[in-house]
Protein chains: 2
Amino acid sequence: MYFCGNMYFMTRSEENYIKTIFHLGNKGTRDVSTNAIAEIMETKPSSVTDMIKRLSEKGLVNYKRYQGVSLTSLGTKTALGIIRKHRLWEVFLVEKLDFSWDEVHEVAEQLEHIKSDKLIDSLDRLLAYPKFDPHGDPIPDKNGSFKERDRKLLSEVPVNTAGLCVGVKDSSTTFLKFLDKNGIALGNRIKVLEIEEFDGSLNIEIEGRKMQISNVIASNLYINVE
Amino acid sequence: MYFCGNMYFMTRSEENYIKTIFHLGNKGTRDVSTNAIAEIMETKPSSVTDMIKRLSEKGLVNYKRYQGVSLTSLGTKTALGIIRKHRLWEVFLVEKLDFSWDEVHEVAEQLEHIKSDKLIDSLDRLLAYPKFDPHGDPIPDKNGSFKERDRKLLSEVPVNTAGLCVGVKDSSTTFLKFLDKNGIALGNRIKVLEIEEFDGSLNIEIEGRKMQISNVIASNLYINVE
DNA sequence: ACAAATTTTTAGGCTCGACTAAATTCTAGT
DNA sequence: ACTAGAATTTAGTCGAGCCTAAAAATTTGT
């Protein structure tokens, strides 16, 4: 396993696998399963096995037959690089090109594969070194380090807790559009007034207004508890 | 041959062929030869034949065996779309990310394949609808139309002609770096003072300074004759 | 603990976009 | 007009990245 500055050449497909393994591996503690990767990537388990072997030979993942897969440190570094690019492009799209936060994902999926260190460093500078993307997710720095913001799901804080809305767990178009429609945005100040025993729905005060949201909504919104 | 708004799906490779055919076809009047394409694309003639057949089936090129190839109107429209994207990204890199004009090409070659109408329209707006890229080449608008600037090669104007330097013919890194080193940039005012009989070199006045340039240099610089 | 169900891997095929080698067609020089 | 040489195409191969079907390993239920 030798380094060569710019790493090996990686295909788009390899990068997408690495990214997916990273996202899956960061949730649970166990190794990532072939099926899980296949499902997320909308491909077949047999294709995943093929690719995992290639990635394993390149030293990007640890792999033992039938035992699932995990990223090596090189693989993790690679994943963080891709995620950094994805999130910086998202910020660019929203800040400079007036995309709304539900429109950025698809384009960023393409842009994240552009290979140029100078490009991404300059972009970072243009955007004034943002720490979070438009959905509140942290942007790794050049070296791959980032600090997860101290945040809690709105559904898991006690009554009377207040804080700023700092992120969404689900960043699907559907959910983001729903938030837009109901005037909920990152940075809004939210206070939990009451939690309904029956269905877990919440009465909240948001930017002065009062409203009720379902438990499903609340369990996809992060707040920065004060 | 049916249109479907966003055209067919085109692979990166197909787009690169179309672009190359466009550039080659715009010079001469004859159809573009297989060998010429192969040379530019650093591939083999047999690979070119393969691809041409595919492009022909998609209605992007006119092709008869052994007779060379030319773009259909759909092919031309496609080519102009790619060139528009390439040149807009070049402007972006120079204007917003402080790239120098010899650094933009490689990255723009990647960015030109990003697929998003909204992206490119917004970029165009961010850049205030530029008409020319950093090398002085015209940027087609949304509909593919652009006006070639009225310009002449510096090597082909008579003594005492003056004008603004508006473009380069050769935009290789080597040439652009040479111009930088000698303080020649787009927008500079140039006047031809004398043309050397012997080797065709020129004595010019540029932004007040006097200097001598070889005929090779002069035949790669465009000026906008007043 | 062991059969059934599930997960994962292997084996073999397919398409795209490249290649080499060989055949074909065109073009130029006499 | 004919032939040598150049350009082009065909035929067959290969790797990446996907697929299906079938085999192998693991996990689960009793």
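Nothing here was measured: the structure is a model prediction, and the numbers come from that model. Proteins come first, then strands; the chains are lettered A, B, ... in the order of their sequence lines, and each starts at number 1.
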Trainee: Find the distance between CD1 (I37(B)) and CG (L24(B)) and round it off to the nearest 0.5 Å.
Mentor: 6.5 Å

Trainee: Taking CD1 from I18(B) and C1' from dG17(C), how many angstroms apart are they, rounded to a whole number?
Mentor: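 One finds 15 Å between C1' of dG17(C) and CD1 of I18(B), rounded.
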
Trainee: Considering only dA7(D), dA18(C), dC19(D), which nucleotide approaches the side chain of S47(A) most closely?
Mentor: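 Selected nucleotide: dC19(D).
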
Trainee: For D50(A) and R65(B), take the nucleotide of DNA chain D holding the closest heavy atom to each; which residue's nucleotide lies nearer the 5' end?
Mentor: R65(B)

Trainee: So, does R54(B) get its side chain near the phosphate of dC16(C), meaning an N or O under 4.0 Å from OP1 or OP2?
Mentor: no

Trainee: Once you round to the nearest 0.5 Å, how far does CD of E103(A) lie from OG of S122(B)?
Mentor: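 Rounded to the nearest 0.5 Å, the CD-OG separation comes to 8.5 Å.
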
Trainee: Under 4.0 angstrom, heavy atoms only, what part of the nucleic acid is S46(A) near: base, sugar-phosphate, or nothing?
Mentor: base

Trainee: Could you state the atom-to-atom distance from CD1 of I37(A) to P of dG17(D) in whole Å?
Mentor: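 These atoms are roughly 15 Å apart.
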
Trainee: If only side-chain N and O atoms of S33(A) are considered, is one of them under 4.0 Å from the OP1 or OP2 phosphate oxygen of dT7(C)?
Mentor: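 Answer no for this pair, as no side-chain N or O of S33(A) is under 4.0 Å from OP1 or OP2.
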
Trainee: Under 4.0 angstrom, heavy atoms only, what part of the nucleic acid is T49(B) near: base, sugar-phosphate, or nothing?
Mentor: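 Contact class for T49(B): base.
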
Trainee: Quick check on DNA chain D: between Q67(A) and T43(A), whose nearest nucleotide comes earlier from the 5' end?
Mentor: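 Between the two, 5'-proximity favours T43(A).
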
Trainee: Roughly how far apart are T78(B) OG1 and I21(B) CD1, rounded to 0.5 Å?
Mentor: 11.0 Å

Trainee: Side chain of K44(B): nearest nucleotide among dC19(C), dC26(C), dC19(D)?
Mentor: dC19(C)

Trainee: Just compare dT8(D), dC18(D), dA18(C) and give me whichever is closest to any side-chain atom of M51(B).
Mentor: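 Shortest atom-to-atom distance from the side chain points to dA18(C).
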
Trainee: If you measure only the distance, is there a donor-acceptor pair under 3.5 Å linking the side chains of S33(B) and N35(B)?
Mentor: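 Short answer, no.
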
Trainee: Give the ring-plane orientation class for W89(B) versus F92(B), where under 30° counts as parallel, over 60° as perpendicular and anything between as tilted.
Mentor: perpendicular

Trainee: Just how far, in rounded Å, is P of dG17(D) from CD1 of I52(A)?
Mentor: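 To the nearest whole Å, that distance equals 14 Å.
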
Trainee: Could you state the atom-to-atom distance from OH of Y66(A) to P of dA5(C) in whole Å?
Mentor: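 Atom OH in Y66(A) sits about 19 Å away from atom P in dA5(C).
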
Trainee: Measure from CD on E15(B) to P on dG17(C) and round the result to the nearest Å.
Mentor: 11 Å

Trainee: Please report the distance, rounded to the nearest Å, between CG in N35(B) and P in dT24(C).
Mentor: 20 Å

Trainee: Is T34(B) touching bases, backbone alone, or none of the nucleic acid, heavy atoms closer than 4.0 Å?
Mentor: sugar-phosphate

Trainee: Whole angstrom is fine here: how far is it from OH in Y17(B) over to C1' in dC16(C)?
Mentor: 11 Å

Trainee: Whole angstroms only, please: what is the NZ-P distance between K53(B) and dC16(C)?
Mentor: 14 Å

